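Let me begin by presenting the structure, written as structure tokens, before commenting on it.
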Protein chains: 2
Amino acid sequence: MKWDDIQEMPCSVARALSIVGDRWTLLILRDCFMGTKRFDKFQKQIGLSRHRLTDRLNKLVDYEILRKAPYQEKPVRHEYRLTRKGVELYPVLMTLAKWGDNWMAGEDGPPIEYFHTTCGHKTSVELCCSECGEEINPKEMIPKMGPGLRALSEKARPK
Amino acid sequence: MKWDDIQEMPCSVARALSIVGDRWTLLILRDCFMGTKRFDKFQKQIGLSRHRLTDRLNKLVDYEILRKAPYQEKPVRHEYRLTRKGVELYPVLMTLAKWGDNWMAGEDGPPIEYFHTTCGHKTSVELCCSECGEEINPKEMIPKMGPGLRALSEKARPK
DNA sequence: AATAGTAAGTTCCAAAATAGAACTTGTAAA
DNA sequence: TTTACAAGTTCTATTTTGGAACTTACTATT
């Protein structure tokens, strides 16, 4: 199985990972959420090769997760900004960060803490049900075949 | 920057990605949450090479995200089960799935839908503040230096 | 006018990671 | 005796990556 084939899987996790599931992309997006916008900043903060960075940024632009916006003429220079599609990856990064805080932080504690300006408290994120608002326990979630899968299986045996 | 160095970064996202940030690991864990436990099942469902699968499963066992449990003697066969540390990656997978549903599903709609047995509704997941319960908007979250980073900067200039 | 600096890349090559197929081990069933 | 199964291991060709040097288009400094 080649990496590009992952995108064809009828699975939203696989499809998402086909874009962000490599070594660097989520680190680039983490930096975006911290305000980084320019090529050199990404390169210094993340420490990946310029070659790879070019690649990844282009891919993110192709998929409309970032967009290039000129910030000067002569010579033209662009910065990379999150689109709405990109901003909506925030929960992925925050849940990763929370897991890292809980399981990888060592005895010094988490490197970063978060404050929720809306309520004024030091906070952490929780995954909640959109309907009842309760925190989600994996055992209480039942996956069922959705329209995407049904459409596929109908194409497979067309009557 | 080599991939193994990522783990040393004072960033919980980077540390988490040093374990789960490769092409296959999160797909393996997705299958775990769907109930897959055995080598051959993983291999067939994901389509990665046996070699890679061996590697990734061992890594997940080393990091105590999965553990091996014997399910027969003669010959001894093991299955792979999520530990608590592993189960706590559920929010990462669900936020990825939600993003994939929203942005990668095509016109047939999401392949899988979820039902929350606790409240009985078809649901999707939301990221909420642990303190006030409101849904989180990235702009309302302020990152501040935490104890992990402070400890580091004190080691850097000892007095 | 010459030199250095900056931002955003591109080119090149050696090294590392991967895919896919074949092989191995221990066992049971036909 | 042959076939099948589960869970790997070994092998080689291919792909991806890291890192350093180079490029382009400008601005600032000497």
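Residue numbers start from 1 in every chain, and the chains themselves are labelled A, B, ... in the order their sequence lines are given, proteins ahead of strands. Just so you know, these numbers come straight off a predicted model, no measurement behind them.
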- Answer whether the closest heavy-atom distance between the side chains of A:Met141 and B:Thr123 falls below 4.5 Å.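 Yes, side chains in contact.
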- Query: Given A:Lys122 and A:Glu113, is the salt bridge (Lys or Arg N to Asp or Glu O under 4.0 Å) satisfied, shown in steps?
  - Reply: CA-CA 7 Å; A:Lys122 189 169 99 177; A:Glu113 292 176 331; 3.4 Å; yes
- Task: With salt bridge (Lys or Arg N to Asp or Glu O under 4.0 Å) as the test, would you mind laying out the steps for B:Asp62 and B:Lys59 before giving the verdict?
- Result: CA-CA 5 Å; B:Asp62 285 349; B:Lys59 188 170 181 184; over 6 Å; no
Tell me the interatomic distance from [X], atom [atom1], to [N], atom [atom2], rounded to whole angstroms.
| X | N | atom1 | atom2 | result |
| --- | --- | --- | --- | --- |
| A:Lys41 | C:dA8 | NZ | C1' | 15 Å |
| B:Arg38 | D:dC5 | CZ | P | 14 Å |
| B:Arg77 | C:dG26 | CZ | C1' | 7 Å |
| A:Tyr71 | C:dA7 | OH | P | 6 Å |
| A:Gln72 | C:dG9 | CD | C1' | 14 Å |
| B:Trp24 | D:dT15 | CH2 | P | 15 Å |
| B:Leu48 | D:dG8 | CG | P | 13 Å |
| A:Glu73 | C:dA8 | CD | C1' | 15 Å |

- Item | Nucleic acid footprint by protein, nucleotides 12-17 of chain C - heavy-atom cut-off 4.0 Å, B for base, S for sugar-phosphate alone | B----S
- Nearest nucleotide by nearest heavy atom, which residue falls closer to the 5' end of DNA chain C, A:Leu57 or B:Arg50?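 Checking each residue's closest nucleotide, the 5'-ward one belongs to A:Leu57.
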- Would you call A:Arg50 and A:Asp40 a salt bridge, using N to O less than 4.0 angstrom?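 A salt bridge is present here (some side-chain N lies under 4.0 Å from a carboxylate O).
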- Query: Ion pair present between A:Glu79 and A:Arg77, side-chain N to carboxylate O less than 4.0 angstrom?
  - Reply: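 Looking at A:Arg77 together with A:Glu79, the answer is no, because their closest N to O distance does not fall below 4.0 Å.
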- Query: Is there a side-chain polar atom (N or O) of A:Tyr80 under 4.0 Å from OP1 or OP2 of C:dG9?
  - Reply: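 A:Tyr80 to C:dG9 OP1/OP2: side-chain N or O found under 4.0 Å.
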- Message: Does C:dG9 have its OP1 or OP2 closer than 4.0 Å to a side-chain nitrogen or oxygen of A:Lys68?
- Response: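 The answer is yes; a side-chain N or O of A:Lys68 sits under 4.0 Å from OP1 or OP2.
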- Task: Using atom types as modelled and distance alone, determine if a side-chain donor or acceptor of A:Gln43 lies under 3.5 Å from a backbone N or O of A:Leu48.
- Result: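 Checking the backbone N and O of A:Leu48 against the side chain of A:Gln43, a donor-acceptor pair under 3.5 Å is found.
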- Task: Using only heavy-atom distances, determine whether the side chains of A:Thr118 and B:Glu134 contain a donor-acceptor pair under 3.5 Å.
- Result: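 No donor-acceptor contact under 3.5 Å links the two side chains.
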- Where each residue is assigned the nucleotide of DNA chain D containing its nearest heavy atom, which of B:Asp5 and B:Val76 is assigned the position nearer the 5′ end?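 It is B:Val76, whose closest nucleotide lies nearer the 5' terminus.
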